[in-house]
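Take a look at the structure below.
In the text below, chain A, chain B and the rest are named by the order of the sequence lines, each starting its count at 1. For clarity, every value in this text was computed on a predicted model and none was experimentally measured.
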Amino acid sequence: MPHFDAAYNLARWLTRSAEDADDMVQESYLRAFTFFDGFRGGDARWWLFSIVRNTCYTWLRKNGAQELMEFDEAQHSPASNALNPEDLQLRRADRETLREALEKLPAEFREVLVLREIEDLAYKEIAEVTGLPLGTVMSRLSRARRRLQELLAVPAGQES
Amino acid sequence: MSCKEIQGLMDPYIDRELDLVRSIELERHMHDCPSCARLHEDRAALRTAIGAGSLRYRAPDTLKKSVQAALVERDRQERAPGRWRWFRLPGPVIAATAAAALLIAIWWVRPVEGALQREVVEGHIRSLMANHLTDVPSTDQHTVKPWFAGKLDFSPTVKDLTAEGFTLVGGRLDYLDNHAVAAIVYQRRQHVINVFVWPTSEGDRGERAAVRQGYNVVWFVRSGMAYWLASDLNPAELRQLAGLLIR
Ligand SMILES: [Zn+2]
C-alpha cells in the first residue's frame, strides 16, 4: 500500500489513539480510492496526507476535541516570550518524554511538527497538505516548537 | 535586526527555509548575541531530539490487510462505468487487484506523470527564457517536418493550423523523460504553446489536463506517440489544439 506508514503515523499523532488511527486510515484510503478522480497530479503523498488530515479533523471536531485550536493564539504567545532561553535547559528528552510532550500540544501544533520533523516536509509542502498560507505554517511551527520546548524545559539548576 | 526579529526567523533558519541574505544576518547577530545563540542551540537540540527519538508510528500489518480487503470490497460494490477505466482488466481479476490498482495509481502512475508535468513545464519555461524557442523558425510545415528527420528516430506530425488560429512558429529539439523529443511551437494571440512529441509503448489514452506552476498542461497518447502541450493559454483552447493535432 502506498505511503501507508506515513498516513498511519499522521493519523496516529492526530487522534492519539491506535484504535482511532486504524479507523481514520481505513476511511482515508477508501476516500482516496473513491475520489481518485479528484486528484490533479503532483505528489500523491501530499494528496493522501490532506485526505488523512481532513478525515482526522472531522473526527476530532465530532468528538468535541476542545483542544482543537481556533485556540487563542494571541493569548498564548506573549506568555512564552517571557521565557528567557537562558533560564531554560532542554531536558535530555528520551523518547517517552518527547512523545508525551508532543501529545500534550493542540492538534494543529502536532500536525505541523509531525509533517515537518517526522515526515520532513518543506514549508511549501506543509502548506499544500494543510491548505494553510505559508506564513501561517511558519508561525504555527514556530509556536509549536516553543510550546514543546516549554514542556520539555526545566529551570536551570533543577535538572538532575 | 533586533533580537525579537531574529527570534522570529529562527525556525525558518533551522529549517533551511530562510534566504541567504537573512541567514547571514542572523548568523552575524548570533555571533554577538549569546541569548539568540542560546535559542538557536535549544531549537537545534530539539530538532535533533525529535529526529533521534524515533517518534514514527508504524502501521500494524493487520490494518494493512483489512484496508486492502475493504478496498477490494468497495471496488466490487462500486464499479461504476468510467471509474478506474485505466485499470480495467478482464472479469474477476479486477476485484482482486483493486488494492494493487490503488498502489499503481498513487505510487507509480501519478508521481511519474507528476514528474513529467514538471519536466514539460520546465521545458516550456526554458524555451521562453533562454530565448531559444525554435531551432528551425518557420511557419511552413514542409520546412519544419523534414528538419526533424535525421535528428530524431521518429517523425512527428507537423500541422498547419493557421486557419484554426494556431500559428506554427517552428520546431526545436528538446530532451524530456530521458529522450530526445520534438518540440513543435505554435502561437495563439500572444500565447506560445510548446507541443512535445515522442514515441511511447503505451496504448492510446485520452486527454488529461493539469495546472503546474501556473501553466496549463494537456497530455494524451495517440498511435504510439505521447503528446504533451504546455502553455499559459487557457485550458479550453489548449485542449482545442490537442484535438486539432490528431484530427
Ligand atoms: Zn539577539
Side-chain angles (χ1 to χ4, degrees), chain A residues 1-13 18 21-22 25-26 28-30 32-34 36-37 39-45 47-48 81 84-86 88-90 92-99 102 113-114 116-119 122-124 138-139 141-142 145-146 148-149 152-153, chain B residues 4 7-8 10-12 14-17 34-36 38-43 45-47 49-60 62-64 66-68 70-71 74-75 78 82-84 98-99 101-108 110-111 113-114 117-118 208-212 217:
Chain A
M1 301 286 281
H3 311 305
F4 202 75
D5 279 320
Y8 179 81
N9 183 53
L10 180 60
R12 181 71 176 71
W13 275 111
D22 283 4
V25 169
Q26 172 132 345
S28 298
Y29 272 76
L30 285 173
F33 183 83
T34 310
F36 186 62
D37 289 346
F39 180 50
R40 290 275 162 263
D43 192 320
R45 191 157 65 121
W47 178 66
L48 206 55
N81 271 346
N84 182 347
E86 290 271 13
L88 299 175
Q89 223 164 3
L90 188 64
R92 218 159 284 147
D94 58 56
R95 178 172 141 162
E96 271 324 298
T97 318
L98 260 176
R99 201 182 286 280
L102 193 48
L113 282 170
V114 167
R116 176 71 199 109
E117 311 284 22
I118 303 180
E119 298 300 342
Y123 287 6
K124 209 174 62 190
M138 205 178 293
S139 61
L141 190 55
S142 177
R145 286 199 180 121
R146 200 160 54 204
L148 188 59
Q149 202 141 24
L152 292 168
Chain B
K4 200 168 163 44
Q7 283 159 18
M10 194 56 81
D11 290 281
I14 68 166
D15 289 322
R16 295 164 195 277
E17 302 253 0
S35 155
C36 287
R38 182 56 197 274
L39 175 68
H40 175 254
E41 215 173 277
D42 280 355
R43 287 290 160 88
L46 184 66
R47 282 219 72 191
I50 296 178
S54 56
L55 291 172
R56 177 187 290 281
Y57 287 103
R58 307 235 168 260
T62 49
L63 178 64
K64 262 178 226 186
S66 78
V67 170
Q68 252 161 5
L71 284 172
R74 176 66 64 91
D75 184 63
E78 283 198 7
R83 171 163 298 150
W84 300 97
L102 185 69
L103 177 116
I104 293 164
I106 294 182
W107 205 18
W108 181 63
R110 291 321 178 102
E113 292 210 324
Q117 284 169 20
R118 195 176 316 127
R208 303 186 67 84
V211 182
R212 191 105 201 177
V217 184

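- A side-chain donor-acceptor contact under 3.5 Å links A:Gln149 to the backbone of B:Asp42.
- Your options are A:Arg145, A:Lys124, A:Glu119, and the one with the most heavy-atom pairs under 4.5 Å with chain B is A:Arg145.
- Side-chain contact between A:Asp5 and B:Lys64 is present, with at least one heavy-atom pair separated by less than 4.5 Å.
- Residues satisfying the ring pair (Phe, Tyr, Trp, His ring centres under 6.0 Å) test with B:Tyr57, not counting sequence neighbours, are A:Trp13.
- Scanning for side chain to side chain donor-acceptor pair (under 3.5 Å) contacts around B:Glu17 gives an empty result, with sequence neighbours left out.
- Proximity to chain A (any heavy atom under 4.5 Å) is shown, for B:Thr62, by neither the backbone nor the side chain.
- Looking at A:Ala122, the atoms closer than 4.5 Å to chain B (heavy atoms on both sides) sit in the backbone and in the side chain alike.
- For A:Leu102, the part lying near chain B is the side chain, with the backbone staying farther off; criterion is any non-hydrogen pair under 4.5 Å.
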